[in-house]
Amino acid sequence: ASGAIKIVLPEEADLLEPCMATRSNIGRIIMENVSETLTELDVRGKKGVMPRLAEKWEQNADGSWRFHLRQGVKFSDGTVFDAKDVKHSFDRVMSDKITCEAKRYFGGMTITTNVVDDNTIDIKTQPVQPILPLLMSLVTIVPESTPMQFVREPVGTGPYKLTNWTPGQQIVLETREDYWGKKPSVTKATYLFRADPSVRAAMVQTGEADLSPSISQLDATNPKTDFSYLDSETVYLRIDHNIAPLNDVRVRKALNLAIDRQAFLGTLVPEGAVLATAIVPPTTLGWNPDVKQFPHDVAAAKKLLAEAKAAGVPVETPITIIARTANFPNVTEIMEAIQAQLQEAGFKVELKFVEVAEHETYYSKPFKEGRGPQLVAAMHDNSKGDPSFSMFFKYASKGTQSGFSDPKVDDLIQRASAAVGDERARLWSQLIAYLHDDVVADVLLFHMVGFARVSEKLDFKPTIATNSMLQLSEIGIR
Amino acid sequence: MLSFIRKRSVASLISLVGLIVMVFFLSRMTGDPASLFLPVEASAEMKQQFRELHGLNDPLLVQFGRYVGDVVTGDLGESYRKARPALDVVTEAFTWTLWLALITMSLVTSAAIVVGSLAAFRSGGFFDRIASMLSLIGASVPDFWLAIVAIVLFSVNLAWLPTSGTGSVLHWILPIGVLFVRPFGIIVQVVRGSMISALSSAYVKTARAKGVRSGPIIFIHALRNAMLPVITVIGDQAASLLNGAVVVETIFGFPGVGKLMIDSILQRDFNVVLAAILVTALAIFLMNLLIDLCYALLDPRIRH
Amino acid sequence: MGRMLLADKFALVAALFLVVMVILALVGPAWLGEEAVRQNLRGRNLAPFDWSRGWIWCMGADALGRPLFARIIVATQNTLMVAAGAVVLSAAIGTFLGLMAGFSSPRISQIIMRLADVIMSFPSLLIAVIVLYLLGSSIVNLMVVLSITRIPVYLRTTRAEVLEIRERMFVQAARVMGASSNRILFRHILPIVFPTLTTLATLDFAYVMLAESALSFLGIGIQPPDITWGLMISQGRQYLTNAWWLSFWPGLAIILTTLSLNLLSNWLRIALDPVQRWRLEMKEPANG
Amino acid sequence: MAEHLLDVRNLSVEFYTASGVVKAVRNISYHLDRGETLAILGESGSGKSVSSAAIMNLIDMPPGRITSGEIFLDGEDLLTMRPDERREVNGKRIAMIFQDPLSHLNPVYTVGWQIREAMTTHGLPKDAADAQAIRLLGRVGIPDPQAAMDKYPHQFSGGQRQRVMIAMALALRPDLLIADEPTTALDVTVQADVLALLKELQREIGMGVLIITHDLGVVAEIADRVVVMEKGALVESGTVREVYKNPKHPYTRRLIAAAPGKGVMHEGETQGEVLLSVRDVCKNYGAFQALKGVSFDLMAGQTLAIVGESGSGKSTLARVLLRLDEPDSGQAIWKGRDLFQLSPREIYRLRRDLQMVFQDPTQSLNPRMTVFQLVSEAWVIHPDILPRAKWRERVAELLQQVGLSPDHMRRYPHQFSGGQRQRIAIARALALEPRLIICDEAVSALDVSVQAQVIELLDKLRRQTGISFIFIAHDLPVVRDFADQVMVMQKGRIVELGGVRQIFEAPREPYTQALLAASLDPDPDVQAAHRARRA
Ligand SMILES: Nc1ncnc2c1ncn2[C@@H]1O[C@H](COP(=O)(O)OP(=O)(O)OP(=O)(O)O)[C@@H](O)[C@H]1O
Ligand SMILES: Nc1ncnc2c1ncn2[C@@H]1O[C@H](COP(=O)(O)OP(=O)(O)OP(=O)(O)O)[C@@H](O)[C@H]1O
Ligand SMILES: [Mg+2]
Ligand SMILES: [Mg+2]
């Protein structure tokens, strides 16, 4: 069957700019619906990077990548898709006349694009980028005529086009007649925006909407309509290793041992959440099943603390946990509980909640001079299937959110980023184990789950990517 | 009268300018929009580039000079986040808020005046006790609580009204109903207090001696005398609605200026903040002017 | 005064309630401070009226399994401090400026009134963000923020009334006697405006407690582990449909406090008004 | 027995106060027939207003309480009527003129609106009511009635307000008119007009008039019968002639003996130093000229009476001299300085020496202060006058001097009768021991016995301390007894200024002559002769 559906989202997109589609509130609406990418990551199976606008690709001898483009594809404005559009899309992302978010995935690289013919393009990066095909799943393709400034009416090759946008009220996508691929069963999707999770849940219940990709755990009570799914968000406490007593590995271990992660599951954190041993979720390349999370062992924590104290580490110094209000569900309660658990083990812990702008000043470099020992509670999102999107920022000496500097870590990151295939996976695994067991880089907590409410008339299972991308073509209508 | 309005407008204009100057500088001391616009993983160069593009790297005074120049030509700048003129964003949202505020305040005002006056007329009586109790509860109930309960009751359980959104007349009922409660509670209390004094004055005796019915005695003789503090409070409540009924807008998905203002403050979208304040301040100044005219209309002794 | 309070049973109860609240505010943190923070994740969202676990659990437990009863009592101190501080501060400043605006030269009056306009159209959230960002978040700063935003109501109300009252004959009579402007303002005009102001102030008490909760929710108000009733309400918000008691009890505390203050202010209004005072002084009931 | 129009039987009224129950009216009975005028005479505070308020059902209950009695209007008991029946009676069949016109007029509505309402409430169409209202305003002597309709109470002089009240009461031609001191604020010519109007209506429609007054002249002029009240009780009743010629009760006798206008006139000394010299004072309200160049001199220890038409600018002159209103031009030299040029600091010092008793006593007393606070406020402001320890004693003394009792100290203004309030205002002015007191109708609300007592007190003070008075009054006999100089005003100008003897015995200007001719005599026979002469 086919028909129109309504989707209610927590946050309105303030832009529908294709090059900003990696931002979840924008991507959820246009990514692969309006704007397509050359490649696509399979999040339902294990197929890895799959073709989309590119039919196939290979690496040239000089390390650059050649993409063979699909033919007979038209943009929604009627123009034909070819290699020049890909080049233009890249130029736009990298341009300094416009601040495209996708640019951040190409940090530290110089990119040259070379149009071979209408259907072939070479992309060369310096240094060589082994996961360029994966990165291409983040670059939305726009027609060559797109100006070098943010557009509010995205033109793409996707199965849908934007037909109505009333800011503050709704965004409507409708199917295109001339789409190159399979016709989806959803003919029209109306996006609505409600900030309150219980309202979103109620809307699906009353039939005012058909799908709400995120509702509150508390409202997810109906097994027929409510599904939990592992989203790609990982909650952790970033440790600032530069300040005593956190510069002592015993203290960092003690922090980890003091927290009863298991007790959170099914209480403050949804049952289905996974205890984290890495900053990236288990579906990521190189995720290391051998790394075991720290047990909850207050006695051991106390012992480590005592040792550290004996060695002259100022363990009495109050440590501040800095968290962001409304960062994720139950953040206040979870942080209060963690505070209590740390105190139980003998830490002196203070708790400080700040709004988003202030949180940012604690989380990212440059860190404030004269700060005390701090744990910054944060949530990190990586649904891209490769750890490189996380590791550099969070752990490399130059990473903006990195709380320490370790030459071995730097080296591993560099090598893994340059490697391909099994080697790449092995190096990432090694890094993950090293960070967790030896450096004790941070206090990893949970890979969170989200809850979606799906009307019974829809055939849809949310995936790990649902947070940042919601492909309408994957939704079936019963 | 006209010269009063003229003088008042000039004075208001000056304070409007003061307000904008103040907001301009103060808001820019509260953090960097670049790090909020871009994800935490964005590189320093990207942030730098963002600042460059939006002129945030220049010294504050230069930025201010540019802003003034633009404003003089009627350009309130672009929203960083929405890539469209800030003024458009704001006027769009403000229209909704204005309607919401207008409808709510007219309902609240008429209802609160009637209930408060009747309560005062038999102060200490049964109706008074009930009205006082309810209005006080109304004034102290958290609005989000009320909003959620209303949705659960009227939309989910009874399925009488849509949960949220805009579109039909039905969509307005819950938001207005929820917004109604607190101002109603407050204004009833103020009307009641003020009316008790007015009803014990000598001119009310005169009216009774003329054989005037209770209705006109309350609503014509006493009420007008009791209105001074009441319209002040009405103004205050209206101003807080014009500044945005944040909770209600958020929960009911009402695209008003309150949510817009909160979001842009939290995201440091300065141009939108400034434009929003400009528009709402203009509305509030106008309203205060109206209130001051009302004082003079209501009480001839203040008129000179 | 005491006898007049006895005469109004409602006001008496209200006064007693407030006295109890003040006592709790003073001793609460010392008395139940420990219990209020002891967590028990397995006993989370315990329903109220479960008498098997002891009186402290009578109101149920919050999301971390802490007894709500203890938390409400411990929160009394901060709540009352912020609310009373903000209300008293704004009422005092607003009234003073309002008296000035109503009584002094047109120019000063204009300046004050336009200042009020400015504050009124300054979104309170922005004031909060600015003050708390620049000065850091603390109870005193929060009090300052909340009081700044409430000044215009008192200011405008006072001024409007002064404009009318100063035309009354007894004000002129006082002037003829040589009374200074101060004396006229504070001895003759203020007492007449006062009842209206107390009504406003009591209502503002509720307003401030709720505004504080909204700020906490946005991340710029009081934050855990400090507690206030407003914060408890905003924390209970997401459990509204599942565990109503989380925000119900603190809400009830706010309502009861406002109610008591209001009953007391209504009583005060009568007690201070010679024309009405007989209601409280009369020994036998009226037959009217 | 034919039914009386109004029949009050055994009426008693009490008030609850902090200091116990006040028995304001004790068991009084009287009756009134159609076309008849009954005057209630009596001491101020004796319950006259309260008993009439009982007829109108206007006593606040509680704190007031009618403890016994019946009030019949045409045989129907007013006290047991349903509220809606009462409403039909009030205004239509019984109308009332209140003692205190400013506070009884709604300050926020035009007088036209208020008069019209009296009629539209009882079913008259609006335009008919308008026409009638304008006619009535004209009848009571308001200049330019058409324009007056759109003015607010505060824009009228005291006497004009009272006339507005009268017009309002007469609007529906009631069967019974209760007039509480209807002419106290009126100058004698207007008073004569108003009384004539009442009589005319009485003739036309057989209206019964219950008039409360302390002016024996008014009684002689208009009343058929009279009852006398003292301390809440009815002490004497009879026809006017009987009571005047042959009073039985000692209080009545005292009252009649105290009637003013029989004493020796002052010699109008014009020597002595000039205390205040007023030159060419002008004052405009918008386009309206309230004062058009007023000049006079006042000697120390002298009493200058200002008489004249109501609305002629007397109160305005007083307000201007006290700097309550700023004059548009002119000078007032006081101790060598121009009053109008003084700085605020200097005005403060001036205030001690220059005091005023306002025309409207209710409004000039702060309702939230006790009598003690009201009187002692003078010493709070000017602390050098009296040490705090002596305040209580001195307040008691002052209250006694103006004929109140010391235990009134703890009461609030609303608990007093109109005349009592006026005496509080006088006591307050005296507390400052000033050099000049401007009395704006200061004794007009007092019954003659108290009036005599107060005048005597003022006169004694004048002789002993050399204090001066500007004495604004309508009551010519009082002026005759008290003043040294008399100034006659009309339409913002001084018509005539001279010694009291000259003015009363040889008035030069026609207006002065008309004024004197309209003056009423307390003796009913004399007054009857006057009437006959006029007719
Ligand atoms: N609300 C009240 N509470 C207490 N006592 C009152 C109240 N109203 C009036 N009284 C008292 O009742 C008595 C009668 O007052 P009333 O006004 O009838 O006097 P009156 O005869 O009209 O005097 P005047 O000629 O001075 O107007 C006075 O002694 C007064 O003090
Ligand atoms: N605020 C005002 N606005 C306009 N006209 C006013 C105002 N106050 C007084 N008047 C007018 O000024 C004139 C003089 O008023 P004033 O009060 O001095 O009269 P008066 O001589 O004291 O009369 P009365 O004996 O009736 O008290 C009156 O005609 C009155 O209508
Ligand atoms: Mg009287
Ligand atoms: Mg006068």
Side-chain angles (χ1 to χ4, degrees), chain B residues 11-12 14-15 18-19 22-23 26-27 29-31 124 132-133 136-137 139-145 148-149 152 182 185-186 189-190 192-194 196-197 200 228-229 231-233 235-236 239-240 243-244 246-247 261-262 265-266 273 276-277 280-281 283-285 288 291 295 299 301-302, chain C residues 110-111 113-118 120-126 129-130 133-134 152-153 156-157 159-161 163-164 167 193 195-196 198-200 202-203 205-207 209-210 213-214 217-219 230 233-234 237 240-241 247-248 251 254-255 257-259 262-263 265-266 269 273 275-276 279:
Chain B
S12 297
I14 295 174
S15 28
L19 178 71
M22 228 157 77
V23 174
L26 285 177
S27 61
M29 288 180 192
T30 61
S132 291
M133 189 71 85
L136 280 172
I137 292 178
S140 23
V141 171
D143 36 9
F144 64 79
W145 192 84
I148 302 274
V149 170
V152 168
R182 188 215 295 270
I186 291 176
Q189 284 297 318
V190 177
R192 177 181 176 276
S194 193
I196 287 178
S197 322
S200 67
L228 281 191
I231 51 177
T232 315
V233 173
D236 174 59
S240 56
N243 255 331
V246 182
V247 170
M261 188 114 77
I262 290 237
I265 289 170
L266 290 180
V273 173
I277 288 180
T280 50
I284 289 170
F285 284 12
N288 281 343
I291 286 177
Y295 289 156
D299 195 331
R301 288 165 297 178
I302 302 181
Chain C
Q110 265 287 335
I111 293 176
M113 291 317 290
R114 298 296 74 78
L115 193 73
D117 284 357
V118 167
M120 218 163 155
S121 39
F122 216 122
S124 43
L125 181 81
L126 186 58
V129 169
I130 291 172
Y133 197 96
L134 295 181
V153 209
R156 292 188 66 90
T157 311
R159 171 176 163 270
E161 295 250 295
L163 287 185
E164 187 254 327
E167 299 297 319
V193 194
T196 309
T198 40
T199 305
L200 276 181
T202 46
L203 294 169
F205 226 80
Y207 179 90
M209 289 190 251
L210 296 178
S213 110
F217 181 75
L218 291 167
I233 290 186
S234 90
R237 169 180 170 156
L240 267 183
T241 41
S247 54
F248 174 79
I254 290 183
I255 290 178
T257 309
T258 323
L259 208 63
N262 191 272
L263 287 171
S265 90
N266 278 347
R269 175 190 275 274
D273 184 352
V275 184
Q276 305 278 336
R279 291 171 196 273

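Lettering of chains follows the sequences in order, A, B, ..., and the numbering in each one begins at 1. Heavy atoms only: backbone and side chains are in, while hydrogens, waters and symmetry mates are out.
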(request) Test C:F122 against B:M22 for side chain to side chain contact (heavy atoms under 4.5 Å, CB included), laying out the working first. (result) CA-CA 10 Å; C:F122 216 122; B:M22 228 157 77; 3.3 Å; yes
(request) Apply side chain to side chain contact (heavy atoms under 4.5 Å, CB included) to C:M209 and B:S140, showing your working. (result) CA-CA 9 Å; C:M209 289 190 251; B:S140 23; over 6 Å; no
(message) Go through it in stages, so that I can follow the logic: the residues are B:L136 and C:L203, the test is side chain to side chain contact (heavy atoms under 4.5 Å, CB included), and I'd like the CA-CA distance, side-chain angles, deciding distance and then a yes or no.
(response) CA-CA 8 Å; B:L136 280 172; C:L203 294 169; 3.9 Å; yes
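The CG atom of C:D117 lies 8.5 Å from the CD1 atom of B:I284; values are rounded to the nearest 0.5 Å. Atom OG of C:S121 is separated from atom CG of B:L19 by 5.0 Å, given to the nearest 0.5 angstrom. Put simply, CG on C:L163 and CG on B:L228 are 8.0 Å apart, with the number rounded to the nearest 0.5 Å.
Between the side chain of C:R114 and the backbone N or O of B:I14 there is no donor-acceptor pair closer than 3.5 Å.
Looking at C:L126, the atoms closer than 4.5 Å to chain B (heavy atoms on both sides) sit in the backbone and in the side chain alike. Residue B:L266 touches chain C through its side chain alone, counting heavy-atom pairs closer than 4.5 Å. Using a 4.5 Å cut-off between heavy atoms, C:I255 contacts chain B through both its backbone and its side chain. Looking at C:D273, there are no atoms closer than 4.5 Å to chain B (heavy atoms on both sides), in backbone or side chain. In this structure, the portion of B:T232 lying under 4.5 Å from any heavy atom of chain C is its side chain and not its backbone. Proximity to chain B (any heavy atom under 4.5 Å) is shown, for C:L259, by both the backbone and the side chain. In this structure, chain C has heavy atoms under 4.5 Å from both the backbone and the side chain of B:S12. Contacts of C:I233 with chain B are made by both backbone and side-chain atoms, with heavy-atom separations under 4.5 Å. Both the backbone and the side chain of C:T157 come within contact range of chain B, with heavy atoms under 4.5 Å apart. Using a 4.5 Å cut-off between heavy atoms, C:P195 makes no contact with chain B at all. Looking at C:Q110, only its side chain comes within 4.5 Å of chain B, counting heavy atoms on both sides. Proximity to chain C is limited to the side chain of B:V273, based on heavy atoms less than 4.5 angstrom apart.
When every heavy atom of C:I130 is checked against every heavy atom of B:S27, the shortest pair comes out as CD1-N, 4.3 Å. The minimum heavy-atom distance linking B:F285 with C:V118 is given by the pair CE1-N, 4.1 Å.
Among the candidates B:A139, B:G185, B:P142, the residue making the largest number of heavy-atom pairs closer than 4.5 Å to chain C is B:P142. In terms of heavy-atom pairs under 4.5 Å with chain B, the best-connected choice from C:A160, C:S124, C:A206 is C:A160. In terms of heavy-atom pairs under 4.5 Å with chain B, the best-connected choice from C:I254, C:T196, C:V129 is C:V129. Between chain C and the residues B:N288, B:I265, B:D143, the most heavy-atom pairs under 4.5 angstrom are made by B:N288.
C:R156 pairs in a side-chain contact (heavy atoms from CB on, under 4.5 Å) with only one of the listed residues (B:D236, B:I291, B:V233), which is B:I291.
Put simply, the side chain of B:R182 reaches to within 4.5 Å of the side chain of C:Y207, judged on heavy atoms. Between B:Q189 and C:N262, the closest side-chain pair of non-hydrogen atoms falls below 4.5 Å. The shortest distance between side-chain heavy atoms of C:R269 and B:S197 falls below 4.5 Å.
In B:M133, the CE atom is not crowded: 12 or fewer heavy atoms of neighbouring residues, nucleotides or ligands sit closer than 6.0 Å.
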